Amino acid sequence: MNNNTSKTIGIFNRSDLILIIVIIVSSILFITLSPNPSHSHQAKVTIGKEESFLIDLSIDQIKHYDTPHGEITLEVINGQIRMQKSSCPDQLCVRQGFLQEHEASIVCIPNETVIEWVSSPQYDGVSR
Amino acid sequence: MKNSILTKLSMLLALSLILAYLETLLPPFWPVPGMKLGLANIIVLYTLVEMGKKEALMITMLRLLSISLLLGTLLTPSFMIGFFGALFSWVGMSWARNRSLSILGISILGAATHNTGQLLAAYLLIGSTSLFNFLPFLWLASIPFGSVTGLIVLLLQKRKLPLHS
């Protein structure tokens with residue numbers, strides 16, 4: 001280990017504090033510079049890398065899909081969308097509940113599924 | 001490899017497996033999906049500062065392989081994400097080891113690089129850029145979580161464990 005630990009401030013030394021400040025500043029920059037998710041009447045659902053489609057949020061519906069590693073059930077109710085059921089072990093996507101306005105997406109890693117707001121009109125038609 | 005080192009590494013691997021398993025029993029932290037304490041990193045960090053980079057990499061890789069066999073997640077998406085995270089974390093902490101950062105600093109950097117690696121892997125798997133919206137929150141979380149694990153390693157070092165020889 002380095003001998004520079006003599007210059008400590010609390011439990012951190014000077015380099016630690018610089019690292020912490022760099023992390024905080026870059027996080028804040030990242031948050032302020034990233035575009036806000038827009039809220040339309042549609043959500044984009046991506047399953048695996050290839051399959052992606054739009055879901056109309058103005059119609060209440062329940063939909064089942066097969067994924068590369070299992071299956072999922074989406075529920076649309078009152079213009080909101082959530083992962084109602086998922087075959088994944090951790091159930092993080094189900095616990096997240098309805099996709100909130102400030103949230104970018106609901107992600108289910110085991111099922112390789114992403115539910116996100118459809119991006120704002122100026123980006124419409126851009127495909128990956 | 002000397003027998004004493006082999007024994008020590010085996011014990012450390014067993015400890016990291018127990019901690020990694022314990023972590024799966026904890027309820028997931030809200031609000032960022034996948035946010036967790038990173039208890040197993042205590043052992044990796046301890047190995048890194050007490051023994052070396054090569055030994056820490058061995059512990060990391062063997063832990064990933066063993067825990068995925070135990071949980072039945074070998075080569076699933078979660079495994080790939082954990083693998084990338086662990087690899088990035090090892091690179092970050094190995095780089096930081098010979099710098100002026102304290103153990104807490106190394107731990108924070110390890111946590112932040114772990115998150116970055118995980119998200120990159122998730123992006124490669126899913127291909128949705130919306131994943132990166134989680135990144136700043138995970139970075140911020142790496143400060144308290146990394147400090148806690150770093151602090152535990154500091155306490156371990158002061159205890160003069162029988163592992164010291």
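The structure presented is a predicted model; accordingly, all values stated were derived computationally and were not measured. Note that these values count all heavy atoms, side chains included, but never hydrogens, waters or copies made by symmetry. Chain naming here is simple, since letters A, B, ... match the order of the sequence lines and numbering starts at 1 in each.
Under the 3.5 Å distance criterion, the side-chain polar atoms of B:Asn133 are left unmatched by any main-chain donor or acceptor of A:Ser105.
Atom CZ of A:Phe98 is surrounded by more than 12 heavy atoms from other residues, nucleotides or ligands within 6.0 Å. More than 12 heavy atoms of other residues, nucleotides or ligands shown are found within 6.0 angstrom of CD on A:Gln61.
Summarising the geometry of A:Ile23 relative to B:Leu140, their closest heavy-atom pair is CG2-N, 4.4 Å, with the distance given to 0.1 Å.
If you measure heavy-atom distances from B:Leu124 to chain A, the contacts under 4.5 Å come from the backbone alone. Residue B:Leu151 touches chain A through its side chain alone, counting heavy-atom pairs closer than 4.5 Å.
A:Leu29 and B:Trp139 fall into different hydrophobic clusters, where Ile, Leu, Val, Met, Phe, Trp and Tyr residues are linked whenever their side-chain heavy atoms come under 4.5 Å apart, directly or through other members. Under the 4.5 Å side-chain heavy-atom criterion for grouping Ile, Leu, Val, Met, Phe, Trp and Tyr, B:Leu69 is connected to B:Ile59 within one hydrophobic cluster. At a threshold of 4.5 Å between side-chain heavy atoms, the hydrophobic network of Ile, Leu, Val, Met, Phe, Trp and Tyr places A:Ile77 and A:Ile72 in two separate groups. Under the 4.5 Å side-chain contact rule for hydrophobic residues, A:Ile62 and A:Leu54 do not share a cluster. When the side chains of ILVMFWY residues are joined at heavy-atom separations under 4.5 Å, either directly or via intervening members, A:Leu33 and B:Phe134 end up in two distinct hydrophobic clusters.
To the nearest 0.5 angstrom, B:Leu138 atom CG is 9.5 Å from A:Ser27 atom OG. Note that the CD1 atom of A:Ile109 and the CG atom of B:Leu131 stand 6.0 Å from one another [nearest 0.5 Å]. Taking CZ of B:Phe137 as the start and CZ of A:Phe30 as the end, the distance is 10.0 Å to the nearest 0.5 Å. Within the model, atoms CD1 of A:Ile20 and OG of B:Ser147 stand 5.5 Å from one another, a figure rounded to the nearest 0.5 Å. Summarising the geometry, atom OG belonging to A:Ser15 is positioned 5.5 Å from atom CG belonging to B:Leu101; distances are rounded to the nearest 0.5 Å. Put simply, CG on A:Asn13 and OG on B:Ser100 are 6.0 Å apart, with the number rounded to the nearest 0.5 Å.
Heavy-atom pairs under 4.5 Å with chain B were tallied for A:Ile18, A:Ile106, A:Val114; the largest tally goes to A:Val114.
Tested against B:Pro136, the residues A:Ile24, A:Ile28, A:Ile31 include a single side chain to side chain contact (heavy atoms under 4.5 Å, CB included) partner, A:Ile31.
Contacts between residues 78-85 of chain B and chain A, counted as heavy-atom pairs separated by less than 4.5 Å, involve B:Ser78, B:Ile81.
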